[in-house]
Amino acid sequence: MSTSFLNPRHPWQGRRVVLGVTGSIAAYKAVALARLLTSLGAEVDAVLTHGASRFVSPLSFEGVTGRSSSTELFSVENSALHISLGLEADVVCVAPATADFISRASLGRANDLLTTTLLATRAPVVICPAMNTNMYTHPQTQTNLKHLIDHLSYRVAGPGVGALAYGENHGLGRMLAPEEIIEEVGKALVGPSLLTNKKVLVTAGPTEESIDPVRFVSNRSSGRMGFAIAQAAYRLGASVRLISGPVALPDPYGIELVKVHTAQEMLVSVSDYRPKADVSVFAAAVSDYRPKNIESRKMKRSKGNEAPVLDLMANPDVVLDTLGNRKEKSINVGFALETESILENAQEKLERKQFDFLVANSATETDAGFDVETNRVALLFAGGRCEELPLMTKHDVSEVILSHILELLENRL
Ligand code: C5P
């Protein structure tokens, strides 16, 4: 049994993050990033360049991290701060990273606390560029970035496209959002795993089956469980394709998202990817039935108020219909949401759909299942083993599921 099963941990929990902040207007967003990393359990030491401290105060970082933040290389109190920061860091993240910082880092300059810390560390480094589009696309900046990636194995996250400062309305050069940067930091903290460069397929959300142009048959699935699994697999280095029905969640960072509406569309997308997938996790709540005919016009209320009868037909079973195309030695995980006889029904699905394990939960609890942040699940393994987990966040459940997938991969190699 893996320790991560007993104590699921986010990759950030208890880890030392040196957060380098350089002199860009985006520095204000670094405070939100420091706060987010701290809320995920990381110990964040902010290191500001002098330029950064013109935009935002070291006190702002101390306020959200509860730890001291630093700017000075030559300080009487601690003349070797760059060494201790560098040695103790589990990851260094520079956000925002200006053109000047990128240039100095690529030359190996050591003229401030941040660049000396970078030379003193052997931890992975994530940098998040933020600058004007012309500065970013300038051949010199691109050469510097390529050098950092190719020769120093720095991870470069972003920039994105969006609103920029100083009158440029829109363009390339925007620092990624803190919610995106934490994923890249999480991936750096996890390091290489058995899932690195493996292909992972995840289905998520409900499907919508049209009745007429404005109405559909669907269910209460929020997509949270599947999205959390996709994100956890991304952090473990996998190349993830997430096939999702309509959900109200932001597009996840670093993941190839395929948006579908119906079970038939989901089947087409899964048929395409399942033969290549080393791991498939079927967390979607696929509608078992769809209206036989889709009315081309909105169905009107009848004068006599008689209710129409919906004529339904069976949808394809995405898992069963693609079973013969699954990749050899691949790992396949299913979900089952039941209202009664949970374990018996789940056991039957585990066998019929030939899953390696199945995640079973109840649809009748208020704090688990559909449309909530938490879940209480049991894992049923092919071979009969059953593990009941306590109430956890869906993120923690996804960490446990991934730890079991890693265990299975290890045994299958
Ligand atoms: O709906 P049911 O409880 O049978 O779902 C069990 C598993 O089969 C789930 O992993 C679900 O994603 C998958 N499924 C499917 N196609 C369906 C129904 C369910 O792939 N039409």
Side-chain angles (χ1 to χ4, degrees), residues 200-210 216-230 233 240-247 258-275 277 279-292 312-327 330-365 368-371 375 377-382 394 397-398 400-402 404-405 408:
V200 173
L201 160 69
V202 182
T203 69
T207 63
E208 280 179 7
E209 313 293 339
S210 289
F216 54 78
V217 177
S218 190
N219 59 63
R220 292 184 205 285
S221 170
S222 67
R224 284 196 190 98
M225 197 61 246
F227 274 52
I229 291 167
V240 186
R241 186 174 294 184
L242 174 62
I243 301 171
S244 176
V247 293
V258 180
K259 295 182 182 180
V260 297
H261 277 89
T262 64
Q264 288 162 295
E265 287 170 11
M266 189 169 275
L267 176 63
V268 171
S269 291
V270 170
S271 304
D272 173 49
Y273 204 63
R274 197 170 182 191
V279 176
S280 296
V281 181
F282 297 96
V286 185
S287 301
D288 289 323
Y289 301 99
R290 67 174 186 271
K292 215 170 194 169
L312 298 174
M313 64 181 286
N315 255 334
D317 190 300
V318 176
V319 173
L320 279 179
D321 291 5
T322 56
L323 197 57
N325 298 335
R326 68 189 190 278
K327 188 176 174 179
S330 62
I331 288 165
N332 295 273
V333 180
F335 273 74
L337 185 84
E338 306 286 349
T339 49
E340 74 275 352
S341 312
I342 299 171
L343 292 183
E344 291 84 336
N345 287 328
Q347 185 65 38
E348 186 277 321
K349 276 178 200 165
L350 174 78
E351 287 162 22
R352 186 160 49 88
K353 302 196 181 187
Q354 297 185 38
F355 292 125
D356 291 282
F357 67 95
L358 189 130
V359 185
N361 57 346
S362 159
T364 54
E365 296 178 46
F370 277 162
D371 219 12
N375 216 352
V377 303
L379 307 181
L380 269 78
F381 291 83
K394 287 186 178 173
V397 175
S398 73
V400 176
I401 291 171
L402 261 306
H404 282 291
I405 289 172
L408 287 166

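Both ligands and their constituent atoms are indexed starting at 1 by order of listing.
- No side-chain heavy atom of Val333 sits less than 4.5 Å from a side-chain heavy atom of Ile229.
- Protein residues with a heavy atom under 4.0 Å from ligand 1 are Phe282, Ala284, Val286, Asp288, Pro316, Asp317, Val318, Val319, Gly334, Phe335, Lys349, Lys353.
- Residues satisfying the salt bridge (Lys or Arg N to Asp or Glu O under 4.0 Å) test with Arg290, not counting sequence neighbours, are none.
- Evaluation of the side-chain contact (heavy atoms from CB on, under 4.5 Å) rule for Lys353 yields Asp317, Val319, Leu320, Phe355 as partners, not counting sequence neighbours.
- Between Phe381 and His404, a ring centre-to-centre spacing shorter than 6.0 Å is recorded.
- Using a 3.5 Å distance cut-off with no hydrogens or angles, the side chains of Ser287 and Thr207 do pair a donor with an acceptor.
- Applying the side-chain contact (heavy atoms from CB on, under 4.5 Å) rule to Asn345 yields the partners Glu338, Ser341; only residues at least two apart in sequence or on another chain are considered.
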